[in-house]
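Only one structure is covered here, and it is reproduced in the block below.
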Amino acid sequence: MKKIELVDGPIAVDAIVKECHDEHCGAVSVFLGTTRRWTRGVETAYLEYDAYRDMAIAKMHELADEAVRRWNPQCVVIVHRLGRVDIGEASVLIAVACPHRAEALAACHW
């Protein structure tokens with residue numbers, strides 16, 4: 001399964017991770033990017049994301065396709081939030097399910 005999505009509200013982390021799980025896989029690796037309060041001593045109030053949707057979706061598909069080519073996961077999910085993202089909220093979720101953890105971790109990290 002491959003799922004690529006841009007969302008305008010909160011990312012449904014638990015539902016996406018559950019959806020990515022596959023009975024043939026022993027590992028689901030997840031990266032959750034969140035808005036942090038401080039960056040190099042500068043305080044952040046919130047982040048605001050905007051995108052040219054068609055181009056962003058195409059690039060996200062390219063990344064997912066390359067992960068499939070390299071590690072052959074059963075599931076790749078990339079979800080990126082648009083709009084305002086407050087401190088502590090998720091802006092990006094990447095989930096990868098593979099039979100073994102080394103491949104799942106490598107694909108998610110890449």
Decide if atom NZ of K2 counts as having more than 12 heavy atoms of other residues, nucleotides or ligands within a radius under 6.0 Å. yes
Flag if over 12 foreign heavy atoms under 6.0 Å of CG, D14: no
Are the side chains of [X] and [Y] in touch, meaning some heavy atoms are under 4.5 Å apart?
| X | Y | answer |
| --- | --- | --- |
| L6 | M60 | yes |
| C20 | V77 | yes |
| F31 | V92 | yes |
| V30 | L93 | yes |
| V68 | P73 | yes |

For residues [X] and [Y]: do they belong to one hydrophobic cluster (side chain heavy atoms under 4.5 Å, members Ile, Leu, Val, Met, Phe, Trp, Tyr)?
| X | Y | value |
| --- | --- | --- |
| L32 | Y46 | no |
| V79 | V76 | no |
| M1 | I4 | no |
| V96 | I11 | no |

Would you compute the distance between atom [atom1] of [X] and atom [atom2] of [Y] and round it to the nearest 0.5 angstrom?
| X | Y | atom1 | atom2 | value |
| --- | --- | --- | --- | --- |
| E23 | Q74 | CD | CD | 10.0 Å |
| L105 | W71 | CG | CH2 | 11.0 Å |
| I87 | T34 | CD1 | OG1 | 9.0 Å |
| I16 | I78 | CD1 | CD1 | 11.5 Å |

For the student: nearest non-hydrogen atoms of L82 and D50, plus distance: CD2-C, 4.1 Å
Heavy atoms only: give me the nearest S29-A104 pair and the separation to one decimal. CB-O, 3.3 Å
Identify, with sequence neighbours excluded, every residue that meets salt bridge (charged side-chain N to carboxylate O under 4.0 Å, His left out) alongside E66. R69, R70
For R81, run the salt bridge (Lys or Arg N to Asp or Glu O under 4.0 Å) check against E5, E89, E48 and tell me which one passes. E89
Determine, step by step, whether V85 and S91 satisfy the side chain to side chain contact (heavy atoms under 4.5 Å, CB included) criterion, reporting the C-alpha distance in whole Å, the side-chain angles of both residues, the deciding distance to 0.1 Å, and the verdict. CA-CA 7 Å; V85 183; S91 55; 4.2 Å; yes
W110 vs L63, test: side chain to side chain contact (heavy atoms under 4.5 Å, CB included). Steps then yes/no. CA-CA 9 Å; W110 178 84; L63 295 169; 3.9 Å; yes
